[in-house]
Number of protein chains: 2
Amino acid sequence: MATTTAAQRRQQARVEYDAFIKSCPTNQLLDRISDKWVSLIVSALAEADGPMRYSDLGRKIAGVSPKMLTQTLRSLERDGIVSRTVTPSVPVRVDYELTRLGDNLSCLLTAVKDWAEHHIEEVVEARERYDTSSEAS
Amino acid sequence: MATTTAAQRRQQARVEYDAFIKSCPTNQLLDRISDKWVSLIVSALAEADGPMRYSDLGRKIAGVSPKMLTQTLRSLERDGIVSRTVTPSVPVRVDYELTRLGDNLSCLLTAVKDWAEHHIEEVVEARERYDTSSEAS
DNA sequence: CTGGATCCGCTAGGATACTG
DNA sequence: CAGTATCCTAGCGGATCCAG
C-alpha cells in the first residue's frame, strides 16, 4: 500500500528539516544577517558609533520603506541587537543604538565583508569563465 | 510642483541603492550564503570531504526539491564554489565537489557558525525578555 | 515624528510530470 | 541517474492611509 508517494515522503522530510533548520543557531543567524536591511542598519549604526533617530536611519538608508525599517528594527530589538529608547517629548523622539551584542555582530559582519572583498575577484573570474564557456555552445 | 511624491523619491533612491548593493561584494556574498540551500550544500560537501553525486546530495539534504538542488548547484558552480564533473557512462554520473574557493567559503561558514553558537543564548534570552515584557501590556 | 494597519503585486520556490 | 519544463501558491515587501 504505497499511498505514501515519494513527494509525500519528501514533504515529510522537508517538515523535519525545516524544524531542524529553525532550531539551528547557524541558520537562524544566517537568516538574520542575510536580510538586506539588517546588514545596512547594523553597519549604519556601527558607523555612527552612537544613537541614531528613526528618521536618521530612514535617510541614511534611503531606499527603505517605513514598514521595513520598523519591522527590521523591531526584530533586531527583539534579538537584543539594537536598543530602542523613547524620549516622550513633543514630538516624540526615538533613538536606536547597537547593544554590546549588536556591536559584536557588526564585527562578524566585518569579517564577512573582509572575506567578500578578498575573494570577490575569484568569484567574478569564475563567473566570466562560466558565462563565456556556456555561450560557446 | 511637488509631482515628485515622497514615494517616488524613495523609489528612485531604492533603485540607486539596489544598484549599489548589487555591486557591493559584501551584499553579493551575503545573498549567496544566506540562501537556505547554499549553506546546507556547502556543509554537506565539506563534511563529505570528497565528491558527492547529485542524488547523494538530494538524499543527504532530504527536504530539497530537484529544482532547487539543481538551481543552487548551478549558481554555486558559476561562482566557482563547487565543481561539476560529468562521467558519460550509462547511466550518467555527475559528481560535485568543493573547489578551493568553496573550501575557503566553508571556513567562513564555520566562523559564522561559531559566532552563532557562542551568542545564540544571548539572543534567546533577549527574545524571552522582549516577549514577556510586551505580553505584560 | 514614529510608526501601525491594510491592500496588493510579484517572484521565489515547491509539486509534478516528462526527457536524454 | 540527472536533470528540465510547467504550473501554482504563499509570503515578502512596497504603497498608501491613518493614529498617537
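Here is the naming used below: chain letters follow the sequence lines, and residue numbers restart at 1 for every chain.
We find that A/Arg59 and A/Asp56 are joined by a salt bridge, their nearest charged nitrogen and carboxylate oxygen being less than 4.0 Å apart. Using a 4.0 Å cut-off between charged nitrogen and carboxylate oxygen, B/Glu77 and A/Arg127 do not count as a salt-bridge pair. The pair B/Asp131-B/Arg129 does not meet the salt-bridge criterion, since no charged nitrogen lies less than 4.0 angstrom from a carboxylate oxygen. A salt bridge between B/Arg84 and B/Glu97 is absent, with no side-chain N of the basic residue lying under 4.0 Å from a carboxylate O of the acidic one.
D/dC12 atom C1' lies 16 Å from atom CG of A/Leu69, rounded to whole Å. Straight-line distance from the CD atom of A/Glu77 to the P atom of C/dG4: 10 Å, rounded to whole Å. Taking atom CZ of residue A/Arg59 and atom P of nucleotide C/dG3, one finds them 14 Å apart after rounding to whole Å. Between A/Leu73 atom CG and C/dC1 atom P the separation is 16 Å, expressed in whole Å. For the pair B/Ile41 CD1 and D/dA2 P, the interatomic distance rounds to 14 Å; values are reported in whole Å.
Between B/Arg74 and D/dT4 there is a side-chain N or O to OP1 or OP2 distance below 4.0 Å. Contact check, A/Arg84 against C/dT2: no side-chain N or O comes under 4.0 Å of OP1 or OP2. Residue A/Arg53 has no polar side-chain atom (N or O) positioned under 4.0 Å from OP1 or OP2 of C/dC1. Not one side-chain nitrogen or oxygen of B/Tyr96 sits closer than 4.0 Å to the OP1 or OP2 atom of D/dC1. Put simply, B/Thr70 has no side-chain N or O that comes within less than 4.0 Å of OP1 or OP2 on D/dA2.
Put simply, the side chain of A/Ser106 never gets that close to the backbone of A/Val42: no donor and acceptor are under 3.5 Å apart.
Evaluated for a side-chain hydrogen bond (donor to acceptor under 3.5 Å, both in side chains) with A/Asp79, the options A/Arg74, A/Arg32, A/Gln28 yield exactly one hit, A/Arg32.
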Under 3.5 Å between N/O atoms: give me all the protein pairs with nucleotides 5-13 of chain C, atom names plus distance.
unit_1 : atom_1 : unit_2  : atom_2 : d
C/dG13 : N7     : B/Lys67 : NZ     : 3.0

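Listed nucleotides: D/dG3, C/dG3, D/dA15. Nearest to the side chain of B/Gln11: D/dA15.
Here the CG atom belonging to B/Asp35 is positioned 9.0 Å from the CG atom belonging to B/Asp31, to the nearest 0.5 angstrom.
Between B/Val92 and A/Val92, the one whose closest nucleotide on DNA chain D sits nearer the 5' end is B/Val92.
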